[in-house]
Amino acid sequence: MPKDVLALPRFEPGEIRPTPIRKFRYAKTLADELAGGLSKDQAVDLYRKMLGIRTFEEMIILLKSARFNPLPGFRFIGATHLSIGQEAVAVGSISAIAAHDLITSTHRGHGHSIAKTWFAMDAMSDGELAQYAGLDAGRPDLREAALQHHLFRTMAELLGKEEGYCRGRGGGMHIADFHTGHLGANAIVGGSFGIAAGAAMACDKLRNGKVVLCLMGDGAANNGICHEALNFATMTQFQRGCPVIFLFENNQYGMTGQTIGEVSGVVSLAQRGAGYNCVSMHAEVVNGMSVLAVHDAVVRAVEVCRMGNGPVLLECSTYRYMGHSLSDQCTTYRTREEEDAWKAVDAIDSYEAALIENGILTSEQAEAERTRMRERIETATTEAGHATDPDPATIYEGLWADTTSEVVAPELATQETPGEYKPTRRDSEGRILYRHAVAEAIAEEMLRDTRVILFGEDVADYGGAFGATRGLLEIFGRERVFNTAISEACIVGAGAGAAMAGMRPIVELMYIDFILMTMDQTGNQAAKARYMFGGKATVPMVIRTTIGGGKGYAGQHSQSLEAICTQIPGLKVVAPSTAYDVKGLLKASVRDDNPVVFIEHQNLYTEKDPVPEEDYTIPLGRGIVRREGTDVTLVAYSGMAPIAGKAAELLAEQGVSAEVIDPRTLVPLDVDLIATSVRKTGRLVVLSQAPATGCFGETICYAVQRKCFSAMKAPALIVGAYDVPPPMAAPLERENIPTPEKVVARVRELCAR
Ligand SMILES: Cc1ncc(C[n+]2csc(CCOP(=O)(O)OP(=O)(O)O)c2C)c(N)n1
Ligand SMILES: [Mg+2]
């Protein structure tokens, strides 16, 4: 499919002038806003919410020092990243988005989570609110009680209680409330950029009109995923711009490193917008100490996004009054003079003064607001302190989604495609190639469910580096099959974000070696979201990747890194060895509501076997006996499975009867199938293309020995690669990867014991 823009040689001299970036353009006063339609109630509401955040965080200081009298002896153990001083950013920005819009947040995110759910509750009807907060809809103080409930659940999460928003699995640094559009705080600096970009892309593709507000620290602006996500969101190929607002809450410091003036070369983070698209991402620098200025900027940003012209980059200039955490006394890296200068323009004090000046509140009323807020927070904290500790017996709860998309609503099925779908032509024995099974599985799933999309490097026109997705662009068009930049971290992060926002993405990482570029997004984000957020997030995504080896591609293109994935709870890992299994397992992976790492083997792409044209799935977690035997059990998956088959043939010639098992799925692992076999044969040999030390075979051996140690006639054995990076030279590489002959030799030694 030809690209829209030809890449012709063009050498005309000239200048490229970035669109100017405005700063501090908001020039109105509260009086102007009141004259322009801001109601008195709305004006007070902004004040109340900023007070709510500050008072909440002042309570954390009190708790940390164990001086909150209603909870004598209480030990606060969680993180203490406070946003005191920055309240105008949380309230100003979240007041400007709609209740159904989404946010992502940071380790300093109490304010974001308090504001997001509070504003969302304001927008609920009495019935909705009563249901959400578990209250009686008829009670006269419903809204006040719901607020109290919200503050309680937030504090309960910080204290690690069952009633907390994430059942005490996440704590303050990972608080989320999917019901009100809060996709989660993130303790990895920059961890949410890709998620926000992907969620925004999904909102656009789902045409649900939602905008994503990605709240980030200034320090995060220098993290690699920031660059990848800003580029992802501005890709020219998106016909409608990605509806995401990247909002840098510039409190001047990372932990202690100064963002402007020390650890970056720009004078403003908004300047970065010029590096990403021709409109400088509509970037602006905003006064983050003015709730009205932040509100104004985000209202305009939302408009840009809803018009299909996003993304937008905003930098809100603000300051954190406290240290990075309560263990930081701020004595080494900033001055008292600097702190005082910011406190003199305090967001709450200055706004309160404006409210009084404009006759919205008297100073007595303002004082009463402050007192009332303290009472609310004290009540919420006391109740949270006495809330339920999670039962250790529930430790696994929330890890896996036990649902699938087996049944798809008819309106979600693909009605029309730009091109025609035809199943791959079979040979006379009904066989197709392993790589054709990949494309067929994806096509079938995309037809049955419009939420399934495919993206990654070169997957569209070229069909991926190994041709496994060839033809899908022609059938489904660029809206659903598209290339991304070479941004592995963001490919996975955007997949996770899109999944959290309602799609079912399949993303591709060309080689499993590159998964190391994505480990935060794969291991800390996609894998952990569900558990950390108390079992509420659903992340139905498939990360397709490949193992190579045997082609002289050496250390960075030949590894077998599946154990890196199996080590992280929350990821399912699948590694098929036949075309039949590829189709059935890939389709099951797409339907699974958990993130699945689906590992294909490059050397098997051109192998053929019979694959039905019909729709079928193979349940994840079920292995298969490839060959029956009585003397030894050989376990092998992916590229090692055919090696095990060959070894079994050679062993048979020598009078040794080997049973061959292909687990097909590594997580969950079909331990029972292997243990049943080992009980019969008494011997276990696992083949591993990965270096033997730390390989997934070790996990298999341990799991099986735990089940049937007494039936074993010899210790379990791994025939694996050496503990070296894969070497390039053919003799070295041949030596490194297990061969049938090597397996035979080791099995014979084992049987002779
Ligand atoms: C990837 C990563 N690196 C380092 C840290 C340790 N750390 C936690 S917060 C922080 C500073 C973040 O600065 P910024 O993004 O400006 O947010 P702020 O703390 O100012 O709100 C650091 C270095 C981390 N959590 N994650
Ligand atoms: Mg900062």
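Whatever order the structure lists them in is the order used to number ligands and atoms, beginning at 1.
Ligand-side atoms of ligand 1 in range of His107: 9 (S), 12 (C), 17 (O), 18 (P), 19 (O), 21 (O), range being under 4.0 angstrom from any heavy atom. Atoms of ligand 1 found under 4.0 Å from any heavy atom of Asn251 (numbered from 1 in listed order, with element): 18 (P), 20 (O), 21 (O). When each atom of ligand 1 is checked for a heavy atom of Tyr253 under 4.0 Å away, the hits are 16 (O), 20 (O).
Contacts with ligand 1 closer than 4.0 Å are made by heavy atoms of both the backbone and the side chain of Asp218. Counting heavy atoms under 4.0 Å from ligand 1, residue Met216 does not touch it at all. The residue Ser83 has no part lying near ligand 1, judged by heavy-atom distances below 4.0 Å.
A pairwise comparison of heavy atoms in Asp101 and Lys116 identifies O-NZ, 2.8 Å as the closest pair. Shown here for Val294 and Gly288, the closest heavy-atom pair between the two residues is CG2-CA, 3.9 Å.
With 3.5 Å as the limit, one finds no donor-acceptor pair spanning the side chains of Thr484 and Glu457. Side-chain N/O atoms of Arg67 and Ser65 include a donor and acceptor closer than 3.5 Å.
The protein heavy-atom contact nearest to atom 13 (O) of ligand 1 is Gly254 CA, 3.1 Å. With respect to atom 9 (S) of ligand 1, the closest heavy atom belonging to the protein is His324 CE1, 3.1 Å. Among protein heavy atoms, the minimum distance from atom 21 (O) of ligand 1 is reached at Arg108 NE, 2.7 Å. For atom 14 (P) of ligand 1, the nearest non-hydrogen atom of the protein is Gly219 N, 3.4 Å. Nearest to atom 4 (C) of ligand 1 among the protein's heavy atoms is Val189 CG2, 4.3 Å. Ala187 O, 2.8 Å is the protein heavy atom nearest to atom 25 (N) of ligand 1. Atom 23 (C) of ligand 1 has Met255 CB, 4.0 Å as its closest protein atom, hydrogens excluded (heavy atom only).
The Mg ion (ligand 2) has an N, O or S atom of Asp218 inside 2.8 Å of it. Here Tyr253 reaches the Mg ion (ligand 2): one of its N/O/S atoms is less than 2.8 Å from the metal. One of the N, O or S atoms belonging to Asn251 lies under 2.8 Å away from the Mg ion (ligand 2).
Within 6.0 Å of the CG atom in Leu516, the count of heavy atoms belonging to other residues, nucleotides or ligands exceeds 12.
For atom 2 (C) of ligand 1, a protein heavy-atom neighbour is present inside the 4.0 Å cut-off.
By the 30° and 60° cut-offs, the orientation of the rings of Tyr47 relative to Tyr351 is tilted.
In this structure, the separation between CZ on Phe232 and CD on Glu228 is 10.5 Å, given to the nearest 0.5 Å.
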Exercise. Should Gln252 and Gln258 be marked as a side chain to side chain donor-acceptor pair (under 3.5 Å) after you check the CA-CA gap, both sets of side-chain angles, and the distance that decides it?
Worked result: CA-CA 6 Å; Gln252 315 303 322; Gln258 199 174 39; over 6 Å; no
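Geometric assessment of Arg153 against the ring of Tyr165 yields a positive cation-pi assignment under the 6.0 Å and 45° thresholds.
Looking at Arg336 and Glu339, a side-chain N of the basic residue comes within less than 4.0 Å of a carboxylate O on the acidic one, giving a salt bridge.
For the pair Ile114/Phe56, a side-chain contact is recorded, criterion being any heavy-atom separation below 4.5 Å from C-beta on.
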